[in-house]
**Q** 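Have a look at this one.
What you see is a predicted model; the values in this text were computed from it and never measured.
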Amino acid sequence: MRPTAKFSISFGLVTIPVAAYNATDSSTSVSFVRIHTADGGRVRNQPVCSLEDVEIPPDEIGRGYKPDDGDTVVPLSDEDLDALPLPTAKTLTILAFVAGGDIDPLQMGKGYYLGIDSPAAAKPYVLLREAMERHQRVGLGKIALHGREQLAMIRPMEGALVMQVLLWPHQIRPMDGVLPERQPEVAPSEVAAAETLMDSFGELSEDDVHDHYREALEEIVAAKLAHREPEFPAGEEQPAGQVMDLMAALQDSVRAAKKSRGEDEGAEGAAGGGGSGRSTKKSTAKKTAAKKTTATKTAAKTATKTAAEKAPAKKTAAAKKTAGRGGRRAG
């Protein structure tokens, strides 16, 4: 794997020379080419000069910057960009350490693996990695990459350091017009049913994170080349996205999730009752305790009654014994 950039990480007075490697591969994603529908010929983008209307060779293509206030384009050479007074051109200076959860996921951009660029960088590299792991923090800084300055986050991952390019805050659009004007009210029972549905979801499997779309597309292409019909494995039909009774949909979803995992559907009422399996267990425990209490009370009453019946019998026996003694004395 070839590095895409080399720079140094500045951590206080500690400098760590690193090389950045692409952590993602966009070439494996599905992409299409444009064709002429009449004859199937490729439609190409030709670099054409807008003034001369002729195709330009690659060695004559340079950079230009268009200000926001007009159509003028200012040419910029590599020497102009190298002369920019940016300390981030060759160094990523860590400005702060924050919790990873403080970073807005909307700002996450391209990721890079960071490796040491010299043997002397090994110890400070490991030092920074272990300090962030123990402190549970990520580093934030700025770095100039591919002709522009960008925010960057450095974090430890599986024994290495990873850099994630971040968007600037002004690049995140506001949510104007996204939320409904009138917020609907959701009943507590509906929220509880949704939580039950969430609990019924299992862990992600390898099949869940597999690119089935790419496989299906490759099958279509292979079928066209072989002049045959494409063959696809039979799959479950996905329900149409229609608005229906919310509670009924949640209950059906819980049953479907349990059925897909082969679980017993005896606890179907958990979602419909607005509670979870835990509340069902508590209710059963309360009923059992109530039964035990009733049995205890019944046993106590029986014991009391039996004792009451035995007491007169003892008194009668004692009276007879006393009377017998009196009779002998009188004789």
**Q** Can you check whether Glu231 reaches Glu219 side chain to side chain, under 4.5 Å on heavy atoms?
**A**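 The answer is yes, as the side chains (C-beta and beyond) meet within the 4.5 Å cut-off.
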**Q** Would you mind reporting whether Leu161 and Arg155 have side-chain heavy atoms less than 4.5 Å apart?
**A**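 Arg155 vs Leu161: side chains apart.
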**Q** Keeping Gln164 on the side-chain end and Gly109 on the backbone end, is there a donor-acceptor pair under 3.5 Å?
**A**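 At least one qualifying donor-acceptor pair exists.
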**Q** Hey, is the main chain of Ile143 close enough, under 3.5 Å, to the side chain of Gln150 for a donor-acceptor pair?
**A**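 No, because the side chain of Gln150 does not come within donor-acceptor range (under 3.5 Å) of the backbone of Ile143.
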**Q** Check the pair Ser77, Asp80 against side-chain hydrogen bond (donor to acceptor under 3.5 Å, both in side chains), reporting the backbone distance first and the verdict last.
**A** CA-CA 5 Å; Ser77 64; Asp80 294 329; 3.1 Å; yes
**Q** Determine, using the 4.5 Å side-chain heavy-atom cutoff (strictly less than), whether Trp168 and Leu166 are members of one ILVMFWY cluster.
**A**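 Hydrophobic grouping puts Trp168 with Leu166.
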**Q** How long is the gap from CD on Gln183 to CD on Glu181, to the nearest 0.5 Å?
**A**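 If I round to the nearest 0.5 Å, the distance is 11.0 Å.
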**Q** Are any non-hydrogen side-chain atoms of Tyr112 and Asn22 less than 4.5 angstrom apart?
**A**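 A side-chain contact under 4.5 Å exists here.
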**Q** Does Met198, at its CE atom, have more than 12 non-hydrogen atoms belonging to other residues, nucleotides or ligands within less than 6.0 Å?
**A**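 For Met198, atom CE is not crowded (no more than 12 foreign heavy atoms under 6.0 Å).
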**Q** Counting only N and O atoms by type, is there a donor-acceptor contact under 3.5 Å from the side chain of Glu190 to the main-chain atoms of Ala187?
**A**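 The answer is yes, because a donor-acceptor pair under 3.5 Å joins these two groups.
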**Q** Where is the tightest heavy-atom contact between Leu145 and Ala5, given as atom of each residue plus distance?
**A**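 Where Leu145 meets Ala5 most closely, the heavy atoms are CD2-CB, 3.9 Å.
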**Q** Does Gln136 CD have over 12 foreign heavy atoms under 6.0 Å away?
**A**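 At most 12 heavy atoms, drawn from other residues, nucleotides or ligands, come within 6.0 Å of this atom.
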**Q** Is the count of non-hydrogen atoms from other residues, nucleotides or ligands lying under 6.0 Å from Met175 atom CE greater than 12?
**A**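 Result for CE/Met175: open.
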**Q** Find out whether Met153 and Val98 are in side-chain contact, i.e. whether some heavy atom of one side chain is under 4.5 Å from a heavy atom of the other.
**A**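 Side chain of Met153 against side chain of Val98, heavy atoms only: no contact under 4.5 Å found.
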**Q** Taking side chain as C-beta onward, heavy atoms only, is Lys66 less than 4.5 Å from Thr72?
**A**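 No, every pair of side-chain atoms sits at 4.5 Å or beyond.
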**Q** Kindly check if the number of other-residue, nucleotide or ligand heavy atoms within 6.0 Å of OH (Tyr21) is above 12?
**A**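 Atom OH in Tyr21 is packed in, count exceeds 12.
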**Q** Is it true that atom CD of Glu229 has more than 12 heavy atoms of other residues, nucleotides or ligands lying nearer than 6.0 Å?
**A**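 Atom CD in Glu229 is not crowded, with 12 or fewer foreign heavy atoms closer than 6.0 Å.
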**Q** For Ile94 and Leu128, work out which heavy atoms get closest and say how close.
**A**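 Smallest heavy-atom distance, with atoms named: CD1-CD2, 4.2 Å.
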**Q** Is it true that atom CZ of Arg148 has more than 12 heavy atoms of other residues, nucleotides or ligands lying nearer than 6.0 Å?
**A**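 For Arg148, atom CZ is not crowded (no more than 12 foreign heavy atoms under 6.0 Å).
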**Q** Looking only at heavy atoms, which two atoms of Arg137 and Pro156 are closest? And how far apart?
**A**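 So the minimum-distance heavy-atom pair works out to O-CD, 4.3 Å.
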**Q** Does CG belonging to Asp53 count more than 12 external heavy atoms closer than 6.0 Å?
**A**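 Atom CG in Asp53 is not crowded, with 12 or fewer foreign heavy atoms closer than 6.0 Å.
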**Q** Out of curiosity, does Ile116 fall in the hydrophobic cluster containing Ile9 (side-chain heavy atoms, cut-off under 4.5 Å, transitive links)?
**A**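 Yes, Ile9 and Ile116 fall within the same hydrophobic cluster.
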**Q** Do Phe7 and Val162 share a hydrophobic cluster (ILVMFWY, side-chain heavy atoms under 4.5 Å, transitive)?
**A**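 Each belongs to a different hydrophobic cluster.
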**Q** Roughly how far apart are Lys142 NZ and Leu140 CG, rounded to 0.5 Å?
**A**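 Between Lys142 NZ and Leu140 CG, I get 12.0 Å after rounding to 0.5 Å.
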**Q** Counting C-beta onward and ignoring hydrogens, is there a side-chain heavy-atom pair between Phe232 and Ile220 closer than 4.5 Å?
**A**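 In short, these two side chains touch, coming nearer than 4.5 Å.
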**Q** Does a side-chain heavy-atom distance below 4.5 Å link Leu114 with Ile16?
**A**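 SC-SC contact between Leu114 and Ile16 ruled out.
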**Q** How about Ile56 and Val54: do any of their side-chain heavy atoms sit closer than 4.5 Å?
**A**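 The answer is yes; the side chains approach within 4.5 Å.
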**Q** Over all heavy atoms of both residues, which pair between Ile61 and Pro47 is shortest? Give the atoms and the distance, please.
**A**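 Here Ile61 and Pro47 meet closest at CD1-CB, 4.0 Å.
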**Q** Could you tell me whether Lys110 atom NZ has more than 12 heavy atoms of other residues or ligands within 6.0 Å of it?
**A**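 Yes, because the 6.0 Å sphere around NZ of Lys110 holds more than 12 heavy atoms from other groups.
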**Q** Would Ile154 end up clustered with Leu151 when hydrophobic side chains under 4.5 Å apart are linked, directly or stepwise?
**A**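 Different hydrophobic clusters.
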**Q** Same cluster for Val138 and Tyr113 if Ile/Leu/Val/Met/Phe/Trp/Tyr side chains link at under 4.5 Å?
**A**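 Val138 and Tyr113: separate clusters.
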